[in-house]
Amino acid sequence: MFRWYGFLGIIIIVSTQLNFFLKIQPFANIYFPIMWFGFILSVDALNKKISGKSLISDNFYQFLGLVVISALFWWIFEFSNLGVKNWTYQGLRFHSDTIKNLFGTISFSTVLPAFFEVYELLRNIHLFVKKKLHRKHKITKRFLHVMVGCGIISFLLTTIFPRYAFPLVWASLFLLLDPINYLHKQPSIIGHLRDRKLVVPLNLLFAGIIMGFFWEFWNYWAIPKWTYDIPF
């Protein structure tokens, strides 16, 4: 059975989409968290219907943890952007910086929950289940140390040479954190070099592509939006 909050999420998405054209205030100026919490509710209800389990229904505290971590996670990229200056925000109409930052935090809190809801949906439809590497790869301490070193260097390069090294912003955290997860026997992408299974890495990649489409699609219609300024 499709949960009631899933229907609520669909109503929120449709209403927000219509309001891109109607521009009824104050909703037009604060569309981002409204749209994305609607998206999260809808996909979570779909996951519950397909598999009988979902983040909100069965792992609510984990979901809340994702909300908090997501806000902190994206603020890291916002601080990184102070150096690389690859995106700016337009149309933010708030009376004070405090309210603007609060709105930003609430908006950023939707990023990881939405991403992992889509990831769970892809898992539930068993996409890429049969995809495997041709052979196993050994993960040595040297390999892990090199990864962490590359992560540190990537982060430093984006600070020292932002015009040339700006893409490394997106690789640095993965290179730093994934080896730590692996060493602590937690889920990690590089761990699948050993078991040859590509279902998790490919689902993560595809979830990112899907989310990227919707982020840019809804950003296009919005009053408050981000625009890019990428070198070369």
Side-chain angles (χ1 to χ4, degrees), residues 1-17 19 27 29-81 87 89 100-128 169-170 173-174 177-178 181 186-189 199-219 221-222 224-226:
M1 182 177 178
F2 196 72
R3 292 298 179 101
W4 65 268
Y5 60 78
F7 291 109
L8 175 62
I10 292 171
I11 292 170
I12 290 171
I13 291 173
V14 173
S15 301
T16 308
Q17 183 70 57
N19 204 38
F27 306 106
N29 283 341
I30 56 173
Y31 87 95
F32 193 96
I34 298 173
M35 176 67 86
W36 281 105
F37 276 118
F39 180 90
I40 290 165
L41 292 174
S42 302
V43 179
D44 189 271
L46 186 57
N47 283 328
K48 183 67 174 178
K49 180 174 177 58
I50 293 173
S51 69
K53 295 180 180 179
S54 74
L55 280 171
I56 293 176
S57 295
D58 300 279
N59 298 287
F60 187 67
Y61 290 111
Q62 184 180 357
F63 171 79
L64 290 180
L66 272 177
V67 169
V68 174
I69 292 170
S70 181
L72 298 172
F73 169 80
W74 201 262
W75 270 116
I76 293 173
F77 289 115
E78 291 298 322
F79 286 121
S80 298
N81 189 53
W87 65 90
Y89 296 100
K100 183 173 72 174
N101 290 333
L102 177 61
F103 172 75
T105 300
I106 295 170
S107 298
F108 300 156
S109 73
T110 67
V111 173
L112 290 184
F115 175 84
F116 280 105
E117 288 287 3
V118 173
Y119 168 75
E120 290 296 327
L121 179 60
L122 295 175
R123 283 187 59 188
N124 289 333
I125 61 177
H126 307 296
L127 208 58
F128 308 120
V169 166
W170 307 105
L173 285 183
F174 163 70
L177 299 180
D178 206 55
N181 284 340
Q186 297 301 314
S188 66
I189 293 174
V199 59
V200 170
L202 289 177
N203 279 341
L204 288 170
L205 178 64
F206 196 32
I209 293 171
I210 292 170
M211 293 301 299
F213 169 81
F214 282 109
W215 278 318
E216 302 305 332
F217 176 74
W218 283 321
N219 181 63
W221 305 99
K225 63 174 63 180
W226 59 84

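Keep in mind it's a predicted model, so treat the numbers as computed, not measured.
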Check the orientation of W74 and F77. Use parallel for under 30°, tilted for 30 to 60°, and perpendicular for over 60°.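 Plane angle between 30° and 60°, so tilted.
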Is the ring pair W75/F108 parallel, tilted or perpendicular, if the boundaries are 30 and 60 degrees?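 Correct class here is perpendicular.
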Side chains of [X] and [Y] in contact at under 4.5 Å (non-hydrogen atoms):
{"X": "W36", "Y": "S107", "answer": "no"}
{"X": "Y31", "Y": "N19", "answer": "no"}
{"X": "I125", "Y": "L122", "answer": "yes"}
{"X": "N124", "Y": "L46", "answer": "no"}
{"X": "F128", "Y": "P201", "answer": "no"}
{"X": "I12", "Y": "M35", "answer": "no"}
{"X": "T110", "Y": "F37", "answer": "yes"}
{"X": "Y89", "Y": "P224", "answer": "no"}

Heavy atoms only: give me the nearest [X]-[Y] pair and the separation to one decimal.
{"X": "K53", "Y": "S51", "value": "O-OG, 3.0 Å"}
{"X": "G38", "Y": "S42", "value": "O-OG, 2.9 Å"}
{"X": "Y5", "Y": "S54", "value": "OH-OG, 3.7 Å"}
{"X": "I69", "Y": "L112", "value": "CG2-CD1, 4.0 Å"}
{"X": "G9", "Y": "L41", "value": "CA-CB, 4.0 Å"}
{"X": "D44", "Y": "E117", "value": "OD2-OE2, 2.6 Å"}

K225 NZ: over 12 foreign heavy atoms closer than 6.0 Å: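 Check passes, neighbour count above 12.
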Could you tell me whether F2 atom CZ has more than 12 heavy atoms of other residues or ligands within 6.0 Å of it? yes
Could you list the donor-acceptor pairs under 3.5 angstrom formed by side chains in residues 202-219, with sequence neighbours left out?
from : atom 1 : to   : atom 2 : distance (Å)
N203 : ND2    : V199 : O      : 3.1
E216 : OE1    : W226 : NE1    : 3.4
E216 : OE1    : Y228 : OH     : 3.4
E216 : OE2    : Y228 : OH     : 2.4
W218 : NE1    : Q17  : OE1    : 2.8
N219 : OD1    : W226 : N      : 3.0
N219 : ND2    : W226 : O      : 3.1

For V111, is there any backbone N or O sitting under 3.5 Å from a side-chain donor or acceptor partner on S70?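 Yes; at least one donor-acceptor contact below 3.5 Å.
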What verdict does the side-chain contact (heavy atoms from CB on, under 4.5 Å) test give for L102 and I106, after you've listed the backbone C-alpha separation in whole Å, the side-chain angles of each residue and the deciding distance to 0.1 Å? CA-CA 6 Å; L102 177 61; I106 295 170; 4.2 Å; yes
